[in-house]
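Naming convention: chains lettered A, B, ... in sequence-line order (proteins, then strands); numbering from 1 in each chain. This is a predicted model, so every value here is computed, not measured.
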2 protein chains.
Amino acid sequence: MKLKDDKKVIQIFQAALKLVAKKGLSGITMGDISREAGIATGTVYVYFKGKDELINALFAACRENSVKVSFKGYQPQMPFKLAFKHIWLNILRYKLQNFEECVFLEQCYHSPFITTETREKALQLSAPFYELMMRGQQEQLIKSTDVGLLLTFIIGTINELVKQTHYGGITLNRSKINTSFDLCWDGLKA
Amino acid sequence: MKLKDDKKVIQIFQAALKLVAKKGLSGITMGDISREAGIATGTVYVYFKGKDELINALFAACRENSVKVSFKGYQPQMPFKLAFKHIWLNILRYKLQNFEECVFLEQCYHSPFITTETREKALQLSAPFYELMMRGQQEQLIKSTDVGLLLTFIIGTINELVKQTHYGGITLNRSKINTSFDLCWDGLKA
DNA sequence: TTTGAAAATGAATATTTATTCACTTATATT
DNA sequence: AATATAAGTGAATAAATATTCATTTTCAAA
């Protein structure tokens, strides 16, 4: 008996991500994906019931990955600003290095593929970020406004920075990264 | 002789925007658009050669509109911070009230529909924003860093705020709008 | 009012794309 | 090594979608 090959799923995912970043969610077909992954079209259907299931699974995988990576190396005993910058940089690095995932996630947001269920599961993943910001407020280091507003502010600055970097509007370097962090931090600080 | 009806183009555009915001660029068909616009499928082809041309035309129209609206009521003699807040609010209001246009623009960014030509024309439209920021720097009111970085920061915060507002993550009111502006301004100020 | 040129129509057609399935291949288990 | 079971294949089929076109309707100009 032959067993399903986890590597195949990864191949399929990576092919889909690459194509979505290049052509958008509207521009990819199952044929494209299988070709890019180097397998037969039918094989994709061994791993996923259809296009919908494939897209939903990839969406879930990307969301989980993004959260996991963001908190990598975070130690609660770090001083807040240091911890915050650590995570801020993690997120930035993740988004720069996994731009395809980010594009995919953004495109999915307004697509008929993603089910309400998948969407809700994704939302629950932001809990750790809320906790982090509340810690900063307790230590009176950052403004004591609606945490949702603060997170929106933070994520917004990073997202746009990544987008502009990838489209050549900005050439990022160490100094610009620090400047961008300072823009964000100066906005947040109490 | 019957003449082409400008209102039809607007009907088609609005139908397309509504559908893209609801289902994403990947979820719309020419049939959907014509039905939503209340006209026959063939009629769409009287106004546009095909789907590609329709999407490109809509993209260009949305970009132009967004810039025009952003600078509405801007008087160069206004004190900088006031002028800046005026425009900041214009952009926010525009994006909130024309969410469908924003979604459409975002989705187009990574789609096979938009041609390089359309893309380049869109880029040129950001010139007035650069000038505004340079004025603020000359008056030593905002940080003297790369203007592209500052604009990215500003637009990012607004974009994410709008997105979260529309997806129920945030319920915006006057106070939250001011808080968000302050986050942005405190980040920018020299 | 008549006319004709162009818009509007939507069923028919062409094209693209998702999905299936009869078949082949690979490999765990015996 | 033999067997069985599931993966892998890709051409064939089904389904969805874009586009065309013969026909009808509209309306500006004569």
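In this structure Asn173(A) satisfies the side chain to side chain contact (heavy atoms under 4.5 Å, CB included) test together with Ser175(A), Lys176(A), sequence neighbours excluded. Not counting sequence neighbours, Phe59(B) has no partner by the ring-ring contact (aromatic ring centres under 6.0 Å, His included) test. With sequence neighbours excluded, the residues satisfying side chain to side chain contact (heavy atoms under 4.5 Å, CB included) with Asn178(B) are Lys85(B), Arg174(B). Residues satisfying the side chain to side chain contact (heavy atoms under 4.5 Å, CB included) criterion with Lys4(B), sequence neighbours excluded, are Val46(B), Tyr47(B).
Applying the ring pair (Phe, Tyr, Trp, His ring centres under 6.0 Å) test to every pair with at least one member in residues 138-164 of chain A, sequence neighbours left out, gives these pairs: Phe153(A)-Phe153(B). Applying the salt bridge (charged side-chain N to carboxylate O under 4.0 Å, His left out) test to pairs two or more places apart or on separate chains, none has a residue in residues 38-65 of chain A.
Both Leu125(A) and Tyr167(B) sit in one connected hydrophobic cluster of ILVMFWY residues. Membership requires side-chain heavy atoms under 4.5 Å apart, directly or through other members.
Atom NZ of Lys8(B) is separated from atom P of dA6(C) by 17 Å (rounded to the nearest Å).
Looking at heavy atoms from C-beta onward, Phe181(B) lies out of side-chain contact with Leu92(B) at the 4.5 angstrom threshold.
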| What's the verdict on salt bridge (charged side-chain N to carboxylate O under 4.0 Å, His left out) for Glu139(A) and Arg135(A), showing C-alpha distance, side-chain angles and the deciding distance? | CA-CA 6 Å; Glu139(A) 298 183 19; Arg135(A) 179 188 151 193; 2.8 Å; yes

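Within the 4.0 angstrom heavy-atom criterion, no nucleotide atom of any strand lies near Phe48(B).
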Report all side-chain donor-acceptor pairs from residues 8-22 of chain A shorter than 3.5 Å, counting only partners two or more places apart or in another chain.
residue	atom	partner	partner atom	Å
Lys18(A)	NZ	Glu36(A)	OE2	3.2

Return a table of donor-acceptor pairs under 3.5 angstrom between the side chains of residues 140-149 of chain B and protein atoms on other chains or two or more places apart.
residue	atom	partner	partner atom	Å
Lys143(B)	NZ	Asp186(A)	OD2	2.6
Lys143(B)	NZ	Gly187(B)	O	2.4
Asp146(B)	OD1	Gly148(B)	N	2.7
Asp146(B)	OD1	Leu149(B)	N	3.0

| note | Counting primed atoms, P, OP1 and OP2 as sugar-phosphate and everything else as base, the B/S/- map of nucleotides 17-22 of chain C against protein heavy atoms under 4.0 Å is SSBB--

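For DNA chain D, the contact window with chain A, defined by any atom under 4.0 Å from a protein heavy atom, covers dA4(D) to dG10(D) in 5' to 3' order.
Ion pairing between a basic and an acidic side chain is recognised when a charged N comes within 4.0 Å of a carboxylate O; Glu106(A) and Lys163(B) show such pairing.
Between the side chain of Asn98(A) and the main chain of Tyr94(A), a donor-acceptor pair closer than 3.5 Å is present.
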Measure all distances between protein nitrogen or oxygen atoms and nitrogen or oxygen atoms of nucleotides 1-4 of chain C, and list the pairs falling under 3.5 Å.
residue	atom	partner	partner atom	Å
dG4(C)	N2	Met1(B)	N	2.3

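Bending across the helix from dT1(C)-dA30(D) to dT30(C)-dA1(D), expressed as the angle between its end axes from five pairs apiece, amounts to 10° (10° rounding).
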